[in-house]
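The residues of the chain are indexed from 1 along the displayed sequence.
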Amino acid sequence: MPALTFPATPRYQVPPPTSHNLEWAHLQIIDLSQADTPDGRAHLAKQVRDAMVTTGFFYVINHGYTPEENSRITDIADVPFERVSLEEKQVYDSQPKVTGSYQGYKLRSYWHIENGVRDQIESYNMNRDLNKREHPEALRPFLPEIAEFARFNHFQVLHPVLRLMALGLELPENYLVDIHNFYSKGETYVRLMKYYPRTDEDEERSKNVWLKGHTDFGSVTILWSQPISALQILSPDGKWRWIKHLDNALVINAGDCLEFLSGGFYKATIHRVVQPPPDQRQYNRLGLFYFALPDDDVKLDPIMESPVLQREGIHDRFRLHNVETVAVEDWRKARTAAYGQSNLTTGAQAGTEEEVLNGVTVKHYT
């Protein structure tokens, strides 16, 4: 039987990790290979719960995606940026402020960062069901591989992690899995993202911040670790700490939807992107993500049947603001349309700016 052949594309030259000794965040490392047994899942669930109520981030290793597969999907991730013209990119512009969706391109200079500085970040976003829309011509030969990448993220990473999170809330294992269906109406998507170096003037005017501190609007974010150091998390002690690269590892964090559903027990974690350390500033930063959201029709009410929430108490942000709870679709569209486009006001908390979406205050950290 002949060997499988894949369409050719230039190899992406992965930059070396930084040699600088940065102030790294200390994150739990979850060995997903241990999730195959009930005892293993019980052990990992405790680790995940501990991570989610402290730093809000954790690594996943031994997930089953090989370094060779990782290298190949990284090569493919560069295609929509280096092999598609600006004119064709504009055809597939997602127009997030109008559509409330990132499906397609988010072009450079769309987001306002600070003091008139615009972003130098480009992303191409694909619903997990790649057949929902057309894609740039150069990317079409690679769609079968991207589709498999989406399915791997969903079934081999997202669902196992959601089972651990459900166990951490003392819920049936599949409680959260059952509201994160692959084939239901929803916005869960693959993001390919490229960050480009900025001018010294832009760095000075934005205080070296590329994306302000924020929370993700979905439930779980899966970031495939890459060597350019730029991601920082806001630690419980109020300090920004760097996320260290681990080869072929995943970096997992919670977003707004999971915070709503867990009554604030699992908090949406605050993170930002800043200028890389000096020995990496000449490189572009290529990233692969899987942004997971519950099904569009899920109401973002706290899961009252969780024994953990009954013991620990419930923080219902919608009720706190005396507004009606919205569904996932309403929340994601509001956050997407507003991000980088809103006129933010100075927040009550030092170092924050605010906006109100669906009656709920959303903070951004400067």
Check your understanding: Got a sec, which pairs hit ring pair (Phe, Tyr, Trp, His ring centres under 6.0 Å) with one end in residues 76-116, sequence neighbours left out?
Key -> Tyr105-Tyr124, Trp111-Tyr339
**Study point:** SB check Arg317 Glu259 (cutoff 4.0 Å)
**Key:** yes
**Study point:** With Lys106, the side-chain hydrogen bond (donor to acceptor under 3.5 Å, both in side chains) member among Asp119, Thr336, Asp93, Asn125
**Key:** Asp119
Check your understanding: Can Glu355 and His364 be counted as having a side-chain donor-acceptor contact under 3.5 angstrom?
Key -> yes
Check your understanding: Mind checking what makes side chain to side chain contact (heavy atoms under 4.5 Å, CB included) contact with Lys244, not counting sequence neighbours?
Key -> Trp24, Tyr59
**Study point:** Test salt bridge (charged side-chain N to carboxylate O under 4.0 Å, His left out) applied to Arg133 and Asp129, step by step
**Key:** CA-CA 9 Å; Arg133 60 177 295 152; Asp129 180 356; over 6 Å; no
Exercise for review: Applying side chain to side chain contact (heavy atoms under 4.5 Å, CB included), name anything that partners Val14, two or more places apart in sequence or on another chain.
Suggested key: Tyr12, Pro227
Review point. Taking only residues two or more places apart in sequence, or in another chain, which ones meet Trp210 in a ring pair (Phe, Tyr, Trp, His ring centres under 6.0 Å)?
Key: none
**Study point:** Side-chain cluster (under 4.5 Å, hydrophobic types only) that Leu86 belongs to, other residues
**Key:** none
Point to revise | Where at least one partner belongs to residues 292-314, residue pairs that pass side chain to side chain donor-acceptor pair (under 3.5 Å), sequence neighbours excluded | key: Glu170-Arg311, Tyr175-Glu305, Asn181-Asp295, Lys185-Asp296, Asp296-Arg332, Asp301-Thr325
Exercise for review: Under the ring pair (Phe, Tyr, Trp, His ring centres under 6.0 Å) rule, collect the residues that match up with Tyr196, sequence neighbours excluded.
Suggested key: none
Practice item. Using the rule that two of Ile, Leu, Val, Met, Phe, Trp, Tyr join whenever any of their side-chain heavy atoms come within less than 4.5 Å, decide whether Val274 and Val251 are in one cluster. Key: no
Check your understanding: Quick one: do Arg205 and Asp202 make a salt bridge, cutoff under 4.0 Å?
Key -> yes
Point to revise | Sequence neighbours excluded - ring pair (Phe, Tyr, Trp, His ring centres under 6.0 Å) pairs with any residue from residues 232-254 | key: none
Practice item. Go through Glu122 and Leu192 one step at a time and tell me if the side chain to side chain contact (heavy atoms under 4.5 Å, CB included) criterion holds. Key: CA-CA 8 Å; Glu122 197 167 48; Leu192 313 177; over 6 Å; no
Check your understanding: In terms of the angle between their ring planes, are Phe152 and Tyr65 parallel, tilted or perpendicular, with boundaries placed at 30° and 60°?
Key -> tilted
Review point. Got a sec, which residues hit ring pair (Phe, Tyr, Trp, His ring centres under 6.0 Å) with Phe57, two or more places apart in sequence or on another chain?
Key: His271
**Study point:** Partner residues of Phe182 under the side chain to side chain contact (heavy atoms under 4.5 Å, CB included) criterion, sequence neighbours left out
**Key:** Arg128, Arg151, His154, Phe155, Tyr290
Exercise for review: Show your reasoning for whether side chain to side chain contact (heavy atoms under 4.5 Å, CB included) applies to Asn248 and Trp224.
Suggested key: CA-CA 7 Å; Asn248 203 36; Trp224 289 75; 4.2 Å; yes
**Study point:** Row check, Phe217 ring normal vs Arg335 NZ/CZ: under 6.0 Å, within 45°
**Key:** no
Revision key, fill the gap. Residue set satisfying ring pair (Phe, Tyr, Trp, His ring centres under 6.0 Å) with Tyr189, at least two apart, ordered chain then number -> Phe291
Point to revise | Val323: partners by side chain to side chain contact (heavy atoms under 4.5 Å, CB included), with sequence neighbours left out | key: Phe318, His321, Val360
